[in-house]
Amino acid sequence: MAQALTDAERGYLETLYWLHEAGLAMTAANVARAMQVSPPAVHEMIGRLEREGHVIRGSDRVIVFTDAGEHQAEAIVRRHRLIERFLTDVLSIPWDEVHEEAQRLEHAMSPVLEERMLAAIGDATTCPHGHPIRVGTRVPGVPLADVAQGASVRVLRFENEAEDLLHYLRSAGLEPGLEGVVERTGEQEIVVAFGERRSAVTRSVAETVSVLADPSPPPRVALPEHLVLGAQRYGR
Ligand SMILES: [Zn+2]
């Protein structure tokens, strides 16, 4: 059995899992961009994860999980989303303030606490940003930025949980689960009408919002630069 993971290793496994789930290549370059750390730092940590049996680096530089590594990564991601849901639903913390809090708490969580939290969130199946708590049950969506004017949309999830971006989305009035109609798709801005209410977001932010749309544009994998988890990535 592999030795216990450090917090830093967990952070890397989590980022790798986010890439994997979003359909992006698990490469050192994408990890470096997502975590906003230097390529040598990523190289070193991936080497460590490889020696400890969590990942394998292929000859094409693509990183692959071992079964044990994938299992670990899933557990980390599940815990993160569960904590977020607990913080919003049970402790009434606004959904744009829970990501970093969960990041701090997830490392200290025991299986017993996890069980209790799971019971406390009732039948919620996603984190407050729309990501499935039971990983592997992700509903495919398309970026809001691709949707044609006049299409009906249902907001599925926010692909990037950088806290500054979540603040922006919340103040724009977007939320997973909302249903509306795309009213305008400009070069700079996308406007969605939710009944009487209008939400306007920049096109680059709309790249990070996954929706179900009718009619739907063709499926497209998100752009790696839009999925970074770090702060200060969004010119708006
Ligand atoms: Zn979340």
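Atoms within each ligand, like the ligands themselves, are counted from 1 in listed order.
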Atom name, Glu161 (N, O or S, nearest to the Zn ion (ligand 1)): OE2
Have a look at Glu84 and say which of its N, O or S atoms is nearest the Zn ion (ligand 1). OE1
Parallel, tilted or perpendicular: which fits the ring planes of His129 and Trp95, with parallel below 30° and perpendicular above 60°? perpendicular
Return yes when at least one N/O/S atom of His99 is nearer than 2.8 Å to the Zn ion (ligand 1), and no when none is. no
Give me the ring orientation class for His131 and Trp18: parallel if the planes are under 30° apart, tilted from 30 to 60°, perpendicular past 60°. tilted
In a check of salt bridge (charged side-chain N to carboxylate O under 4.0 Å, His left out) between Arg81 and each of Glu161, Glu106, Glu21, Glu14, which one passes? Glu21
Using a distance threshold of 2.8 Å, state whether an N, O or S atom of His129 lies below it from the Zn ion (ligand 1). yes
Exactly one of Thr126, Val142, Val211, Val139 clears side-chain contact (heavy atoms from CB on, under 4.5 Å) with Leu156, and that residue is Val139
